[in-house]
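FYI, the numbering just counts along the sequence from 1.
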Amino acid sequence: IGKGYDTIQAIGSALDRIPDNTEDFERLFCSELVSAVLETIGITPNINASEMTPADVCRFDIYGEVCQLKGELQELF
């Protein structure tokens with residue numbers, strides 16, 4: 001609450017050709033917020049939250065089995 005969206009760092013997290021973002025929580029983007037929270041509570045190892053993309057967050061080894069929540073039943077894997 002009260003934090004602006006960090007468009008510049010969000011773009012920078014996805015571009016590997018530029019230097020790493022420095023963690024700065026004055027403004028946040030979605031996967032940075034999620035990564036910072038998970039690191040703070042000890043769920044993930046020491047990471048640079050400002051470099052985490054949504055795909056990186058999905059790859060954290062913290063999730064259980066995949067299950068379909070909606071739609072016609074389909075094989076997921």
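- Y5 and L28 are members of different hydrophobic clusters when ILVMFWY side chains are connected at heavy-atom separations under 4.5 Å.
- What you find for E32 and D24 is that their closest heavy atoms are OE2-O, 3.4 Å.
- Proximity of a side-chain donor or acceptor of Q68 to a complementary backbone N or O of Q74 within less than 3.5 Å is detected.
- Closest approach of Q9 and T22 over heavy atoms only: NE2-O, 2.8 Å.
- A donor-acceptor pair under 3.5 Å is formed between the side chain of S31 and the backbone N or O of M52.
- Looking at Y63 and V57, their side chains come closer than 4.5 Å, going by heavy atoms from C-beta outward.
- A donor-acceptor contact shorter than 3.5 Å links the side chain of S13 to the backbone of A10.
- With rounding to the nearest 0.5 angstrom, the CD atom of E26 is 10.0 Å from the CG atom of D6.
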Tell me which donor-acceptor pairs under 3.5 Å the side chains of residues 37-48 have, and how far apart each pair is, sequence neighbours excluded?
{"unit_1": "E39", "atom_1": "OE2", "unit_2": "I47", "atom_2": "N", "d": "3.2"}
{"unit_1": "T40", "atom_1": "OG1", "unit_2": "A36", "atom_2": "O", "d": "2.7"}
{"unit_1": "T44", "atom_1": "OG1", "unit_2": "E39", "atom_2": "N", "d": "3.3"}
{"unit_1": "N48", "atom_1": "OD1", "unit_2": "S50", "atom_2": "N", "d": "3.0"}
{"unit_1": "N48", "atom_1": "ND2", "unit_2": "N21", "atom_2": "O", "d": "2.7"}

